[in-house]
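In each ligand, atom 1 is the first atom listed, and ligand 1 is the first ligand listed.
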Amino acid sequence: MTETTSIIIFGASGDLTHRKLLPALFNLFRKKRIPGKFQILGFATRAWDDDQFRLEMEAAATKFCSYDYSYDEWLEFSQHLYYLSGNFTNRDDFQALAARLENLEDGPADRMFYLATAPRFFLPIVQTLGQLGLVHDRERKRRVVVEKPIGTDLASAQALNQGLNQVLQEEQIFRIDHYLGKESVQNLLVFRFANAIFEPIWNRNYIDHVQITVAEEVGVGHRAGYYDSVGVLRDMFQNHILQLVALVAMEPPANFDADAIRDEKLKVLRSIRPITPDKVASVSVRGQYRGYCEYPGVAPRSQTETFAALRLNIDNWRWQDVPFYLRSGKKLAEKCTEIAIQFKCPPIRMFPLPKDFEMTANILGMCIQPDEGIHLKFEAKVPDTAAETRSVDMEFHYRDSFGETSIPEAYERLCLDALQGDATLFTRAGAAELSWKYIDPILAAWKSPDGPPLTSYEPGSWGPEEAHDLLAKDHRWWIRTCGENNGQIIDPVYN
Ligand code: BG6
């Protein structure tokens, strides 16, 4: 990194800056990972000045920093915070921004522009930055971080990407998917490719199916207005969940290089079997929690889904006939994100089983959050019996092996990588578009009168019963390997 760096946050008075960016940047500063001379310039419409911005950010730090810090550390960090009030579509305000930057930098500097605004401003901001020459410099780095969502469908994602690419080189663009910054998500690659024992069985010969659950306990909260126009398929599946699918399913990359990894992920997204309109009803479930429509900001007869479950297939040599079952929703029983790999049962039954009992398969559970870790479920002989077997759980927990405070916030890693120009954990244009290509037909079928109905579910449950049926018709059930059930296989809908 060069000695001077400017971080310019568009939308600096917003929620994301308060909750995520400020705590992440402050912790990077504490860890001495931002170079000596740097400034963070907030830009937003609210009429604050530097002092007010610093006070606001101090309150945000108190509320949202999950680590301990001293007031002296905060004071030192806050000296790097500046603010300029301006409009995202006003060229004069951008000229004022340019002047302020030059004044603060006092010489050549790298710049990272972070778009933490409403999506409709992404393109106008980048275009004005381009017109004023603020994102082009032969000597210094000019990077732009774009928050999600990348469009609301394939056409809008393509339009956004084309617009961005007219101003910026693809290497300058860092599209955030904060799931990729999670330590336990990064560990998926390490788990698969830094160990020799898993990869030989990571395929259709040994794996029966894969499940990915991203469950949230919270409802839509203060984001009801936004969420009601989006729904869980756009909010969670198009980005986070499909990225998890890609990491689980990808081939080993040639090396640990950003493009090598992203090429392999792209190949997975390309191999996902498209869902034709006539199949949508049999492979998808959409639900809405009871009481959602009474929430302020939600349309009284909203048809927006707050839960979805899908069966996805990947048409390639490794994964043919291995279904991936995906589910996500708000107001569910527990917050948890986990990936369960269910292996095939042994080919013969050697040990006696009680009547009506089926053989149990080995399950590998990768707990992404909140209790980050890995579980391997296998059969063991029950002591003092002739040959009775029972499933036991071999566990790894981050907190036990690396300490309670070992896991940084996803945004910390992502901000640092963007500052350093490492794009490994960021989404390329093509990946975002391929994801929409898969999602769009499902959304279209859900809108059509012949599409599957919107089902409802109780807040605090595991979603609609139809989600259970989606697996039951394939003689499978949803699995929890982490959390309270700690290794027990249960079908939460009925247990
Ligand atoms: C965001 C979604 O991308 O991810 C939110 O817009 C969701 O609706 C959030 O709550 C979940 O993130 P995490 O890190 O808490 O699992």
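Of all protein heavy atoms, the one lying nearest to atom 7 (C) of ligand 1 is Glu216 OE2, 3.5 Å. Nearest protein heavy-atom contact of atom 8 (O) of ligand 1 is Asp235 OD2, 2.5 Å. Atom 16 (O) of ligand 1 has Tyr179 OH, 2.5 Å as its closest protein atom, hydrogens excluded (heavy atom only). The closest protein non-hydrogen atom to atom 15 (O) of ligand 1 is Lys335 NZ, 2.8 Å. Atom 4 (O) of ligand 1 has its closest protein heavy atom at His178 CE1, 3.4 Å.
Those atoms of ligand 1 that come under 4.0 Å of a heavy atom in Lys330, given as number and element, are 5 (C), 7 (C), 8 (O), 10 (O). Remark: ligand 1 atoms within the under-4.0 Å shell around heavy atoms of Lys148 are 1 (C), 2 (C), 3 (O), 6 (O). Residue His240 approaches ligand 1 through these ligand atoms, each under 4.0 Å from one of its heavy atoms: 1 (C), 3 (O), 4 (O).
Using a 4.0 Å cutoff on heavy atoms, Thr337 does not count as a contact of ligand 1.
Classification of the Tyr325-His209 ring pair by plane angle, with boundaries at 30° and 60°, yields perpendicular.
Considering all non-hydrogen atoms of both residues, Tyr295 and Gly221 come closest at CE2-O, 3.3 Å.
Every N/O-N/O distance between Tyr227 and ligand 1 stays at or above 3.5 Å. The N/O atoms of Tyr226, backbone and side chain alike, include none that comes under 3.5 Å of an N/O atom in ligand 1.
Contact check on Glu217 versus Lys331 returns no salt bridge, with no Lys/Arg side-chain nitrogen under 4.0 Å from an Asp/Glu carboxylate oxygen. Using a 4.0 Å cut-off between charged nitrogen and carboxylate oxygen, Asp15 and Arg223 do not count as a salt-bridge pair. In summary, Asp110 and Arg142 do not engage in a salt bridge, as defined by a charged side-chain N under 4.0 Å from a carboxylate O. Ion pairing between a basic and an acidic side chain is recognised when a charged N comes within 4.0 Å of a carboxylate O; Asp208 and Arg476 show such pairing.
Nearest-residue assignment for atom 14 (O) of ligand 1 (options Gln369, Lys20, Lys182; heavy-atom criterion): Lys182.
The ring of Tyr457 has its center closer than 6.0 angstrom to the ring center of Phe307.
Remark: side-chain polar atoms of Gln288 are paired, donor with acceptor, to backbone N or O of Thr304 under 3.5 angstrom.
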